[in-house]
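Encoded as structure tokens, the structure appears first; notes follow it.
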Amino acid sequence: MYILGINAYHGDAAAALIKDGRIVAAVEEERFNRVKHCAGFPTEAVRYCLEVAGIRIEDVAHIGISRDPSAHLHKKILFAASRAAKQSKQWAVGSGQTTTAAVAVDDSGEGEEGKRGRGKGEGTNGGNGSSVEKRGPGIFRQVKDRLNNAAKVRDLRDDLALALNVTKSSLRAQFHNIEHHRAHLASSFYVSPFERAALLSIDGFGDFISTMWAVGEGNSIKVLDQVEYPHSTGIVYTATTQFIGFPHYGDEGKVMGLAPYGQPRYIEEFRDIIRTEARGQFRLNLDYFRHHAEGVDMTWDQGSPIIGRIFSDEFVQTFGPARERGGALTEREQDIAASLQLRLEEVGFHVLNHLHQQTGLTDLGLSGGVAYNSVMNGKILLNTPFRRVYVQPAAGDSGTALGVCYEIHNGILKLERGEVMLGAYTGPEFSNDEIRTELESSGLVFETLSDDAVTKSAAQDIADGLVVGWFQGRMEFGPRALGNRSIVVDPRRANMKDILNDRIKKREPFRPFAPSILEERTADYFEQSHPAPTMLMVYHVREERRGELPAVTHVDGSGRLQTVSREVNPRYYQLISDFNELTGVPVVLNTSFNENEPIVCTPKHAIDCFLKTRMDVLYVGNHVLRRKSEK
Ligand SMILES: [Fe+2]
């Protein structure tokens with residue numbers, strides 16, 4: 001039985017397909033249409049899922065989307081009513097403003113406005129994302145609209161029929177709205193190795209909730225508690241990221257990379273901005289934010305989501321003027337980043353310690369855009385009683401497409417658990433013959449190697465200091481390249497960071513590059529050894545090893561590692577093993593295979609990237625292309 005899950009109408013649109021509990025495919029739309037964090041409907045991703053399964057949409061039994069307009073409706077109405085009361089009180093005292101204040105009640109992203117790509121939606125990638133709209137003060141109209149829309153799946157049916165060029169009547173599947181955080185929770189439990197686990201989903205917002213925790217057991221998830229709109233760690237991170245002068249969707253990772261350069265001298269200010277309360281709860285000091293009162297635009301007219309300003313003038317009062325985009329990064333920005341990061345960790349551990357207390361469990365499933373904060377994740381074992389952590393590889397909203405599939409399979413249909421998702425290799429793959437055809441049509445000179453020779457040759461190139469494109473097997477799901485769509489270089493060479501930035505990546509110089517290490521050697525190089533197969537944990541490199549790995553050791557001695565096992569990715573494991581044979585170092589530097597665009601998907605994307613950058617050599621399947629000046 002096939003189940004199709006969809007994340008649509010906000011950042012990182014994606015589709016996933018499972019068959020009898022096993023993952024057939026899961027992929028983000030951006031990889032096909034080449035629009036970063038693409039919002040809207042995942043047309044190409046859905047088509048790919050069906051194509052790889054060799055089925056038509058008529059063969060799919062269940063289709064779900066990771067939003068439920070009817071979820072938490074009473075809370076939305078209560079919030080809207082309380083805002084309306086405040087508004088009318090303000091008007092009654094004659095503020096003199098011709099206000100356009102809106103009430104951010106609708107975070108579902110549904111409706112005609114949302115489909116045109118303006119005004120609503122959710123973006124929770126990387127701790128991103130408000131899900132709010134900007135409208136006039138017709139608050140009760142909004143509530144009425146919301147009631148009218150509740151539980152409808154009209155948009156999904158329409159768009160799916162359009163995307164697949166079929167009539168709506170041919171969509172025979174049963175349709176489901178899966179509440180946003182339930183989809184996140186499902187994505188971190190049903191494919192985890194745990195039979196029973198504590199679960200935390202933490203993001204900007206989705207379906208009016210920013211944080212939800214639960215217990216998963218067998219094929220059910222029991223929600224324990226939640227933090228509601230407008231209080232959100234993701235909102236704090238995104239607002240501060242904007243204030244520091246990084247306006248793009250998903251820029252939160254840059255601030256995480258900046259934080260180790262600073263001192264948390266604003267920690268008391270951030271403790272005031274986000275306050276912890278009993279029973280794992282937290283609240284924002286709303287003086288610092290606009291989203292709850294004025295609404296914040298989110299648009300995706302150009303494809304990539306754009307979020308309007310979330311921070312209020314109170315930020316300026318406290319920290320001084322916001323940094324202009326492209327302006328100098330001073331100690332102030334570094335210290336704000338450090339304070340923000342520290343406060344996020346404090347709040348995160350506050351929630352997690354409560355979750356442990358509530359459940360008594362030591363296994364944790366983690367999801368939501370804030371779970372991309374790998375620095376926080378890496379400290380969970382040090383700051384909470386949790387002993388094993390499974391982070392959904394696509395922890396942000398793309399992963400809800402997969403969560404939808406499993407919530408239907410396990411939570412609704414009560415079928416048996418089907419799969420442990422150890423890696424994230426669920427996207428398109430290409431045979432050596434297909435790649436050869438592409439190379440021949442490009443008119444490029446290449447050679448073809450045996451399986452054994454491919455990894456040996458690439459390892460030698462890396463050891464020789466070349467910049468190596470490494471395109472193999474199925475593309476990764478989620479934001480990290482994990483050795484199938486990667487650029488791989490020698491971590492022992494301190495200048496490699498500059499070489500990569502100069503020739504290909506053009507990233508801000510303060511951002512670190514990441515190491516991939518043979519899993520069994522992790523403890524030799526890092527202070528923690530809990531597996532991190534999808535690069536969502538940051539650990540400290542052992543002090544005595546830092547000199548050995550200058551290109552992947554961040555300014556504070558940390559590294560966002562990927563632990564690589566033969567079981568999960570045999571060819572990448574072999575590559576690192578061969579590099580270790582040559583150099584005695586079981587580590588390579590791994591960065592995503594792209595310039596400043598979504599990670600490459602097809603051999604053609606890889607070849608184009610190879611040609612337009614100054615990459616030295618490209619391994620694409622068993623074929624090798626070399627830039628002429630090399631070797
Ligand atoms: Fe989310």
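When a ligand or atom number is given, it counts from 1 through the structure's own listing order.
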| remark: OD1 (Asp397) to the Fe ion (ligand 1) to OD2 (Asp203), nearest 10°, is 170°
| Ion pair check, Glu346 and Arg271, cut-off under 4.0 Å | yes
| Can you find a pair of side-chain heavy atoms, one from Arg388 and one from Thr362, that are under 4.5 Å apart? | no
| query | Within less than 2.8 Å of the Fe ion (ligand 1), any N, O or S from His181? | reply | no
| task | Give, rounded to 10 degrees, the angle between NE2 (His180) and NE2 (His184) as seen from the Fe ion (ligand 1). | result | 90°
| request: Show the numbers, then the answer: is there a salt bridge (charged side-chain N to carboxylate O under 4.0 Å, His left out) between Glu345 and Lys379? | output: CA-CA 8 Å; Glu345 292 167 15; Lys379 295 177 183 173; 3.0 Å; yes
| task | Examine distances only and state if a side-chain atom of Thr400 and a backbone atom of Asp397 form a donor-acceptor pair shorter than 3.5 Å. | result | yes
